[in-house]
Amino acid sequence: MAVNDKKVFLYVGKKGEEGVSTYPTYTDAQIKAFNADEFVLTGSNYYHCLKSKAAMDEYIAALLKLAKQVIRCTGKFIWLGIPRPPKPEKRITLEEYKGYANRYLAEFIVPVRDELKKLKTSSGDDYYYVYVQGFYMNDEHVSRSDLWFGVDFSYSDLLSHPQIKMYSMISDALKTSAYGWKKLLWVPYAGRGGNFHTTYADIAYIANTTDIFDTVLLQPGVYFHYDPDEKDTRPIALNLDVIRNSMNRQEVRTRDANENTDKQVVAKRSSTKIGCQMEIDEQIFVNKLRLDNYNLSFNALNSIKVTKPANRHFSFYWGDDTTAMDRLTKQEINYFFNQL
């Protein structure tokens, strides 16, 4: 099988935009139980961090605590989640988004880097250099709202879009010696509804024609959004075929109105790895629709369907109910991973 292609996402810090509650802590045994090569450590209370230094500091502290725990009890590689930028209240310019990139580097990545470099392995190497594979960009889609940007960017000039320029600036910086030659990960959601053509095209041009991201894991949207009894959600099931075809070709593909799920958007010329984000939570044990949707994903994307081991880049979003964690880990997540 491919090296380091099994990831588990663990969530930390405040929940949601309001940040009223916090994610649970994990025991060492719960973390070690995952048959994963890497862990992606991230949070969901993204929007406050560039507005409030206190919020950023709180998130960094929680993230570092979990990072140290995961490294010490597993010795596995980690990725660290970059907070999303705040929701705009007016049009955001390219210069403002360049400012966001610089602030993420200075106010998030540098403090995390410096703290982890203080910690040494038994051989004297620092934690940051040895264990941090890179960073996870929490934006899950490319925004096209006039309120956000006021631009109609062309695929021939991707960096005319401020959000993508921000990605590129961070990626370029991470690949330098100052930041330890780190990678960037993206997990965009696949298209659903009437705008799926644009969603897939945005992902394809970024993943297929640039090296901004080392790995792009596509979210099918089936687990949380598909209902076979609702006509308007039925096409979401086709996302599984698109993702399987994208993984087999290692080129992000798209679907069309005629249910062709292996349609080319743009030829691959990047080195970006194409994979999938599996979705699961405790509802699988009590909600038949969730169970059926998970099984739909499992059957469409198992190791027989993704034909080459080198193309099996998978991660799991698993939820945050630690009372169901042991059962989910053993019966579902590890069962899937053990087939790769």
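Heads up: numbering here begins at 1 and tracks the sequence. Computed from heavy atoms alone, side chains included, the values below leave out hydrogens, waters and symmetry copies.
For Lys182 and Tyr128, the positive end sits near the middle of the six-membered ring, less than 6.0 Å away and at most 45° from its axis. A cation-pi arrangement, defined by a distance under 6.0 Å to the six-membered ring centre and an angle within 45 degrees of its axis, is present between Arg113 and Tyr179.
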Item to complete: Take Ile212 and Trp186 through the side-chain contact (heavy atoms from CB on, under 4.5 Å) test and state the conclusion after the steps.
Response: CA-CA 9 Å; Ile212 293 173; Trp186 192 34; over 6 Å; no

Practice prompt. Test Asp211 against Thr272 for side-chain contact (heavy atoms from CB on, under 4.5 Å), laying out the working first.
Written response: CA-CA 6 Å; Asp211 286 303; Thr272 303; 4.2 Å; yes

Item to complete: Walk me through it: do Gln163 and Val142 pass the test side-chain contact (heavy atoms from CB on, under 4.5 Å)?
Response: CA-CA 7 Å; Gln163 184 179 351; Val142 176; 4.2 Å; yes

Discussion item. Quick one, Asn239 with Tyr226, criterion side-chain contact (heavy atoms from CB on, under 4.5 Å). Give me CA distance, side-chain angles, the key distance, then yes/no.
Written reply: CA-CA 10 Å; Asn239 285 346; Tyr226 176 63; over 6 Å; no

Practice prompt. Would you check, one step at a time, whether the test salt bridge (charged side-chain N to carboxylate O under 4.0 Å, His left out) holds for Asp28 with Arg72?
Written response: CA-CA 9 Å; Asp28 288 358; Arg72 286 167 173 163; over 6 Å; no

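With Tyr317 as the fixed residue, the ring pair (Phe, Tyr, Trp, His ring centres under 6.0 Å) test singles out one of Tyr136, Tyr294, Tyr223, Tyr11: Tyr11. Test Gln133, Glu38, Gln277 against Lys7 for side chain to side chain donor-acceptor pair (under 3.5 Å) and you get one pass: Glu38. Partner Phe298 forms a ring pair (Phe, Tyr, Trp, His ring centres under 6.0 Å) with one of Phe314, Phe337, Phe336 and no other, that one being Phe336.
Between the side chain of Thr210 and the backbone N or O of Ile206 there is at least one donor-acceptor pair closer than 3.5 Å. Put simply, the side chain of Lys165 never gets that close to the backbone of Tyr97: no donor and acceptor are under 3.5 Å apart. Counting only distance, with no hydrogens or angles, the side chain of Gln219 and the backbone of Val187 share a donor-acceptor pair below 3.5 Å. Put simply, the side chain of Ser297 gets close to the backbone of Asn293: a donor and an acceptor are under 3.5 Å apart. The backbone N or O of Ala36 lies less than 3.5 Å from a partner atom in the side chain of Lys76, making a donor-acceptor pair. Under the 3.5 Å distance criterion, the side-chain polar atoms of Ser171 are left unmatched by any main-chain donor or acceptor of Phe213. A donor-acceptor pair under 3.5 Å links the side-chain atoms of Arg103 to the main chain of Leu50, judged by distance alone. Under the 3.5 Å distance criterion, the side-chain polar atoms of Asn258 are left unmatched by any main-chain donor or acceptor of Asn260. Here the side chain of Asn248 pairs a donor or acceptor atom with the backbone of Lys305 at under 3.5 angstrom. Side chain of Arg84 to main chain of Met137: no donor-acceptor pair is present (N/O by atom type, distance under 3.5 Å, no hydrogens or angles).
Ring pair Tyr104/Tyr100 is tilted by interplanar angle, where 30° to 60° counts as tilted.
The line from CG of Leu217 to NE2 of His313 is 9.0 Å long, rounded to the nearest 0.5 Å. If you take CZ on Arg327 and CD on Glu332, they are separated by 8.5 Å, rounding to the nearest 0.5 Å. With rounding to the nearest 0.5 angstrom, the CG atom of Asn245 is 12.5 Å from the CD atom of Gln264. Residue Asn102 holds its CG atom at 9.0 Å from CD1 of Ile170, rounded to the nearest 0.5 Å. Atoms CD1 and CZ, from Ile333 and Phe316 in turn, are 5.5 Å apart once rounded to the nearest 0.5 Å. Atom CG of Leu116 is separated from atom CD1 of Ile78 by 6.0 Å, given to the nearest 0.5 angstrom.
Contact annotation: the side chain of Thr261 never approaches that of Arg253 to less than 4.5 Å [non-hydrogen atoms, C-beta and beyond]. Taking the side chain as every heavy atom from C-beta outward, Pro83 and Tyr59 approach each other to under 4.5 Å. Within the 4.5 Å cutoff, side-chain heavy atoms of Tyr26 are placed close to those of Met325. Leu296 is not listed as a side-chain neighbour of Asp292, based on a closest heavy-atom distance of 4.5 Å or more. Under the 4.5 Å side-chain criterion, counting only non-hydrogen atoms from C-beta, Asn35 is in contact with Lys6. Between Thr209 and Tyr155, every side-chain heavy-atom pair lies at or beyond the 4.5 Å cut-off. You'll find the side chain of Ile109 reaches within 4.5 Å of the side chain of Leu174, heavy atoms only. Between Leu240 and Cys276 the shortest side-chain heavy-atom distance does not fall below 4.5 Å.
Cluster membership check: Leu184 shares its hydrophobic cluster with Leu159, using side-chain heavy-atom separations under 4.5 Å among Ile, Leu, Val, Met, Phe, Trp and Tyr. Grouping the Ile, Leu, Val, Met, Phe, Trp and Tyr side chains by contacts below 4.5 angstrom, directly or via other members, places Leu158 apart from Leu94. No continuous path of hydrophobic side-chain contacts links Phe224 to Val242 [ILVMFWY only; heavy atoms under 4.5 Å]. Neither Tyr200 nor Ile236 shares a network with the other; the hydrophobic side chains, linked directly or stepwise wherever heavy atoms of I, L, V, M, F, W or Y lie under 4.5 Å apart, form separate groups for each. Side-chain heavy atoms closer than 4.5 Å link hydrophobic residues (I, L, V, M, F, W, Y) into clusters, and following such links, even through other members, never connects Ile203 to Leu238.
A salt bridge (charged side-chain N to carboxylate O under 4.0 Å, His left out) check over residues 124-136, counting only residues at least two apart or in different chains, returns the pairs Lys117-Asp126.
Nearest heavy-atom pair, Pro228 versus Arg234, reported as atom, atom and distance to 0.1 Å: O-NH2, 2.7 Å. Scanning both residues, Ala190 and Thr199, for their nearest heavy atoms gives C-CG2, 4.0 Å. Across all non-hydrogen atoms, the minimal contact from Lys268 to Ile274 is NZ-CG1, 4.2 Å. Closest of all the heavy-atom pairs between Lys14 and Ser44 is O-OG, 3.6 Å. The two residues Leu301 and Met247 come nearest to each other via the heavy atoms CD2-SD, 4.5 Å.
Remark: Glu107 does not engage Lys53 in a salt bridge, criterion side-chain N to carboxylate O under 4.0 Å. Residues Lys15 and Asp320 are paired through a salt bridge, judged by an N-O separation under 4.0 Å between the basic side chain and the carboxylate. Here Arg249 pairs with Asp262 in a salt bridge; the nearest charged N to carboxylate O distance falls below 4.0 Å. Salt-bridge formation is detected for the pair Lys68/Glu115: a Lys NZ or Arg NE/NH1/NH2 atom is positioned less than 4.0 Å from an Asp or Glu carboxylate oxygen.
When the shell of 6.0 Å around NZ of Lys120 is examined, it contains more than 12 heavy atoms from other residues, nucleotides or ligands. At most 12 non-hydrogen atoms from other residues, nucleotides or ligands lie less than 6.0 angstrom from CD of Glu259. More than 12 heavy atoms of other residues, nucleotides or ligands lie within 6.0 Å of CZ in Phe285, so this atom counts as buried by the packing criterion. Counted within 6.0 Å of NZ on Lys330, heavy atoms from surrounding residues, nucleotides or ligands total 12 or fewer; the atom is thus considered open.
Shown here are the ring-ring contact (aromatic ring centres under 6.0 Å, His included) partners of His141, two or more places apart in sequence or in another chain: Tyr189.
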